[in-house]
Amino acid sequence: MVLASAPGKCILFGEHAVVYGQPAVAVAIDARIQITLEESKSGWRIDDMKFDKNRHPHLDAMLKRMWIGDGGGPLSVHIDSDLFGAAGLGSSAAICSGVAAALLHLGGTPADELPLPGIATTAHLAEAEAQGGRASPIDTSTSTLGGVVMVSDKKEPQAHWQYTRDLRIDGIRRTWEVHSVDLPESISEASLVIGFSGRPGPTSQMVAKVAALLSNQPERMEDIERIGNVTRAGATALSLGNLQAVGIAMNECHRLLQGLGVSDDDLDRMVEAALPSSLGAKLTGAGGGGCMIALTTEPRRTAQAIELVGGRTMVSRLGAPGVRIENE
Ligand code: PMV
């Protein structure tokens, strides 16, 4: 039996602008997906039921790539999650990354020799396959590498380049440079409070909304470039441990995202409630529902303030460990 786990993620900076070639920064959070795999004598099983690949497209895509194609026999799979569901916290990516690690370990790879770039690549390709061919590598890379990850169309000097990912989307080859951002010890003085509105963030709808805005008002592309600049400044502030500057960049990002029309009343209410006790706060991910995040040195106070306006909360360090095997 193998037990692997992989973290969820929040986007700290750069959502929406990343669709137009700007960088984005994501952080692995202290809420994980746990994957248990064992060989099964009673056929393919998931959570003690017959495996239905239509209900588990990400798992199916991973198994085809890494197990069934190599002649592997039936498995029994259990998936447990600490993440809010359908909240933009990267649970599908964490499933892909966790399953990849578990399958490698089941096949004999030692836990301390997991090939992280290879896991991130397979997880990204499987996630894209399960989502109709579209996926940026930010979720799968953050879940695999852990910590803080920066993805950009080019190599970014304020972060450590790790690998290049590419994917053909609608016949066009897209390339992303994936980096990790090293965090100084002082960053642990602050926590991230994640507030969930309780409604899923409809990612493709919100991406289409921004596309329509930019097609009607091409001059608004300046706001996309501004988000790119804030993202680079935010990544630099993170790597220097300048929490005040990280918070300012988060607030600026939220203002720009509001201008693009992707925030909503619930997200704005939670951001406002968090601000008096926070260094900065913003929506995270696609918007139109989903989650917000606040950077704070008083996580209990901030979480209570968000809960008072109706949010569900979770507290995390800034950066959690990436995919790993739990049962050595
Ligand atoms: O909702 P999430 O966390 O999956 O984030 C979506 C991020 C967008 O930039 C809005 C879309 C994308 O593909 O990058």
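Side chains are part of it too, since the values below use all heavy atoms of this structure and drop only hydrogens, waters and symmetry mates.
In this structure, the separation between SG on Cys291 and CZ on Arg199 is 11.5 Å, given to the nearest 0.5 Å. A distance of 11.5 Å separates CG in Leu240 from CG in Asp182, rounded to the nearest 0.5 Å. Rounding to the nearest 0.5 Å gives a distance of 11.0 Å between CG of Leu283 and SG of Cys10. Taken from CE in Met270 to OG1 in Thr302, the straight-line distance is 13.5 Å, to the nearest 0.5 Å. Separation of atoms CD1 (Ile29) and CG (Leu192) is listed at 8.0 Å; rounding is to 0.5 Å. The structure places CG of Asp139 at 9.5 Å from CG of Leu89, a figure rounded to the nearest 0.5 Å.
Salt-bridge check for Arg174 with Asp153: passed, with a basic side-chain N closer than 4.0 Å to an acidic carboxylate O. Residues Asp60 and Lys64 are paired through a salt bridge, judged by an N-O separation under 4.0 Å between the basic side chain and the carboxylate. The pair Glu252-Arg255 meets the salt-bridge criterion, with a side-chain N (NZ, NE, NH1 or NH2) lying under 4.0 Å from an Asp/Glu carboxylate O.
Looking only at side-chain heavy atoms (C-beta outward), Leu59 and Ile46 come within less than 4.5 Å of each other. Side-chain contact between His179 and Lys155: present, with at least one pair of heavy atoms (C-beta onward) separated by less than 4.5 Å. Using a 4.5 Å cut-off on side-chain heavy atoms (C-beta onward), Phe51 and Pro74 make no contact. With a 4.5 Å cut-off on side-chain heavy atoms, Met250 and Ile293 count as touching. With a 4.5 Å cut-off on side-chain heavy atoms, Thr175 and Thr164 count as touching. Side-chain contact between Ile224 and Leu260 is present, with heavy atoms from C-beta onward closer than 4.5 Å. A heavy-atom distance below 4.5 Å is found between the side chains of Glu156 and Arg232. Between Val77 and Val99, the closest side-chain pair of non-hydrogen atoms is not below 4.5 Å.
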For this session: Please assess Arg134 against Asp170 for the test side chain to side chain contact (heavy atoms under 4.5 Å, CB included), listing each intermediate value before the final yes or no.
Result: CA-CA 8 Å; Arg134 288 161 192 273; Asp170 300 331; 2.6 Å; yes
For this session: Begin with the C-alpha distance, continue with both residues' side-chain angles, and end with the deciding distance and a verdict on side chain to side chain contact (heavy atoms under 4.5 Å, CB included) for Thr142 and Val27.
Result: CA-CA 7 Å; Thr142 307; Val27 56; 5.7 Å; no
Problem set entry | Trace of the side chain to side chain contact (heavy atoms under 4.5 Å, CB included) decision for Cys253 with Ile227 | CA-CA 6 Å; Cys253 221; Ile227 293 178; 4.2 Å; yes
For this session: Show the numbers, then the answer: is there a side chain to side chain contact (heavy atoms under 4.5 Å, CB included) between Gln205 and Lys209?
Result: CA-CA 6 Å; Gln205 225 172 296; Lys209 187 173 180 185; over 6 Å; no
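Cluster annotation: Phe13 and Val148 are assigned to the same hydrophobic cluster (Ile/Leu/Val/Met/Phe/Trp/Tyr, side-chain heavy-atom contacts under 4.5 Å, transitive). With hydrophobic clusters built from ILVMFWY side chains whose heavy atoms lie under 4.5 angstrom apart, Ile68 shares a cluster with Ile119. Hydrophobic clustering of Ile, Leu, Val, Met, Phe, Trp and Tyr side chains at less than 4.5 Å, counting indirect connections, unites Leu116 with Ile138. Connection of Leu106 to Met62 is established within a shared hydrophobic cluster, with ILVMFWY side chains joined at heavy-atom distances below 4.5 Å, either directly or through further cluster members. Side-chain heavy atoms closer than 4.5 Å link hydrophobic residues (I, L, V, M, F, W, Y) into clusters, and following such links, even through other members, never connects Leu3 to Leu103.
Residues Trp176 and His124 bring their aromatic ring centres within 6.0 Å.
Side-chain N or O atoms of Asp30 include none that pairs as donor or acceptor with a backbone N or O of Ala320 at under 3.5 Å. Counting only distance, with no hydrogens or angles, the side chain of Ser239 and the backbone of Thr236 share a donor-acceptor pair below 3.5 Å. Between the side chain of Lys9 and the backbone N or O of Gly88, at least one donor-acceptor pair lies under 3.5 Å. A donor-acceptor pair under 3.5 Å is absent between the side-chain atoms of Asn251 and the main chain of Lys282, judged by distance alone. Between the side chain of Thr109 and the backbone N or O of Leu104, at least one donor-acceptor pair lies under 3.5 Å. In this structure, Trp67 contributes its side chain and Gly73 its backbone to a donor-acceptor pair below 3.5 Å. Without hydrogens or angle criteria, Asn327 side chain to Met1 main chain gives a donor-acceptor distance under 3.5 Å.
Considering all non-hydrogen atoms of both residues, Val262 and Ala286 come closest at CB-O, 3.7 Å. Here the closest heavy-atom approach between residue Ala94 and residue Pro7 is recorded as CB-O, 3.6 Å. Shown here for Leu145 and Gln162, the closest heavy-atom pair between the two residues is CD1-CG, 4.2 Å. Residue His254 comes nearest to Ala281 through the heavy atom pair CB-O, 3.7 Å, listed as atom of the first residue, atom of the second, then distance. Taking both residues in full, the closest heavy atoms of Asp266 and Ser197 are given as CB-CB, 4.0 Å, listed atom of the first, atom of the second, then distance. Considering all non-hydrogen atoms of both residues, Val181 and Ala159 come closest at CG2-CB, 4.0 Å.
Inspection of the Arg32 and Ser5 side chains reveals an N or O donor paired with an N or O acceptor under 3.5 Å. Thr144 and Ser97 form a side-chain donor-acceptor contact under 3.5 Å, judged by distance and modelled atom types alone. There is no side-chain donor-acceptor pair under 3.5 Å between His78 and Glu38. Under 3.5 Å, the side chains of Glu127 and Ser92 contain no donor-acceptor pair of N or O atoms.
For Glu185, the CD atom is loosely surrounded, since the number of other residues' heavy atoms within 6.0 Å does not exceed 12.
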